[in-house]
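These notes are about the structure you will find just below.
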Amino acid sequence: EALGAIGTTLPHCRGEPSSPAESAMLACGELIYWSNRKDLDEAQISTHTGAARGVLLDHSLCASAGALKLVTSCMFRSDRNQVSLVRQFPELCLAVCREALVRRDEQVSYFQHQFLDDAYNITCFAIQVLGAVGDISDLKMLRSFCDHGGFGSDALKAIESIESRTLFR
């Protein structure tokens with residue numbers, strides 16, 4: 001984040017990821033870096049982020065939603081002006097989270113401590129992302145979670161959020 005904000009060149013040697021979760025985290029880091037480059041416009045940022053977006057859209061890895069959850073949940077700055085990947089790349093995050101809900105039992109996280117980084121918590125995060133930036137096409141999937149004991153209340157909140165944004169405009 002800081003390297004992008006001050007316009008420093010992204011280091012060429014960042015190590016080789018040894019797992020899908022590491023690849024997804026590195027991709028999130030690159031998106032955050034390029035999103036903080038205030039000297040570039042959206043089109044320039046888009047050309048630099050293609051590879052990172054490609055990694056996150058590789059659904060076979062089942063690690064992208066967990067990485068997004070981790071970098072979205074952390075508050076590194078006290079001024080609250082940090083880049084939100086969900087706000088900056090809503091379509092990308094929607095695609096990742098929709099797939100995470102379809103394959104929720106396969107999700108992995110960078111940290112595997114079974115405390116807020118397991119498939120259950122990643123699924124809750126994915127539901128919240130759909131509620132925040134999803135559209136009416138997401139309602140059917142969200143409704144399928146309403147009767148689930150662990151996800152029901154999050155799904156209902158997400159549905160309410162989408163409906164309040166879209167149905168009465």
Side-chain angles (χ1 to χ4, degrees), residues 1-104 106-113 116-135 137-138 141 154 158 161-162 165:
E1 182 177 4
L3 292 176
I6 61 174
T8 301
T9 305
L10 194 60
H12 293 289
C13 294
R14 291 174 290 218
E16 285 295 317
S18 62
S19 71
E22 285 182 13
S23 295
M25 284 297 291
L26 182 59
C28 286
E30 288 183 24
L31 291 178
I32 291 169
Y33 168 81
W34 289 109
S35 295
N36 276 287
R37 290 287 303 264
K38 302 303 179 205
D39 58 324
L40 302 176
D41 62 28
E42 275 189 48
Q44 290 172 309
I45 290 171
S46 180
T47 61
H48 292 293
T49 60
R53 287 181 285 128
V55 168
L56 293 175
L57 289 172
D58 183 354
H59 302 305
S60 66
L61 302 177
C62 293
S64 300
L68 285 172
K69 178 189 180 303
L70 185 62
V71 301
T72 302
S73 300
C74 295
M75 297 307 273
F76 299 116
R77 294 171 38 181
S78 61
D79 64 9
R80 306 280 188 211
N81 287 330
Q82 85 181 76
V83 168
S84 164
L85 293 182
V86 175
R87 280 192 307 268
Q88 189 77 19
F89 301 97
E91 294 302 318
L92 169 70
C93 293
L94 277 171
V96 166
C97 289
R98 287 171 179 147
E99 184 65 21
L101 292 176
V102 170
R103 300 174 63 185
R104 67 182 177 272
E106 300 172 45
Q107 298 303 303
V108 296
S109 180
Y110 182 76
F111 298 112
Q112 289 291 313
H113 303 296
L116 301 179
D117 60 1
D118 56 2
Y120 171 82
N121 286 286
I122 293 170
T123 300
C124 289
F125 169 76
I127 290 170
Q128 291 168 1
V129 168
L130 265 63
V133 293
D135 58 36
S137 69
D138 296 308
M141 180 181 296
D154 284 336
S161 178
I162 291 172
R165 273 194 331 271

Determine the minimum heavy-atom distance between [X] and [Y], stating which atoms define it.
X      : Y      : answer
Ala21  : Ser109 : CB-O, 3.7 Å
Glu22  : Tyr110 : CG-CE1, 3.6 Å
Gly131 : Ser161 : O-OG, 2.8 Å
Val96  : Ala65  : CG1-N, 3.4 Å
Ser35  : Ile45  : CA-CD1, 4.4 Å

Interatomic distance, [X] atom [atom1] to [Y] atom [atom2] [nearest 0.5 angstrom]:
X      : Y      : atom1 : atom2 : result
Leu70  : Asn121 : CG    : CG    : 12.0 Å
Gln107 : Ser64  : CD    : OG    : 8.0 Å
His48  : Glu30  : NE2   : CD    : 11.5 Å
Asp154 : Phe125 : CG    : CZ    : 12.0 Å

Do the side chain of [X] and the main chain of [Y] share a donor and acceptor less than 3.5 angstrom apart?
X      : Y      : value
Thr49  : Ala52  : no
Arg53  : Leu31  : no
Arg165 : Gly134 : yes
Arg103 : His59  : yes

Phe89 and Leu56: CA distance, side-chain angles, deciding distance, side-chain contact (heavy atoms from CB on, under 4.5 Å) verdict: CA-CA 11 Å; Phe89 301 97; Leu56 293 175; over 6 Å; no
Heavy-atom check, side chain of [X] versus side chain of [Y], under 4.5 Å:
X      : Y      : result
Leu85  : Cys28  : yes
Leu68  : Val86  : no
Leu130 : Leu101 : yes
Met25  : Val71  : yes
Arg104 : Ile122 : no

Which is it for Asp138 and Leu94 under the side-chain contact (heavy atoms from CB on, under 4.5 Å) test, yes or no, and what are the steps along the way? CA-CA 10 Å; Asp138 296 308; Leu94 277 171; 4.2 Å; yes
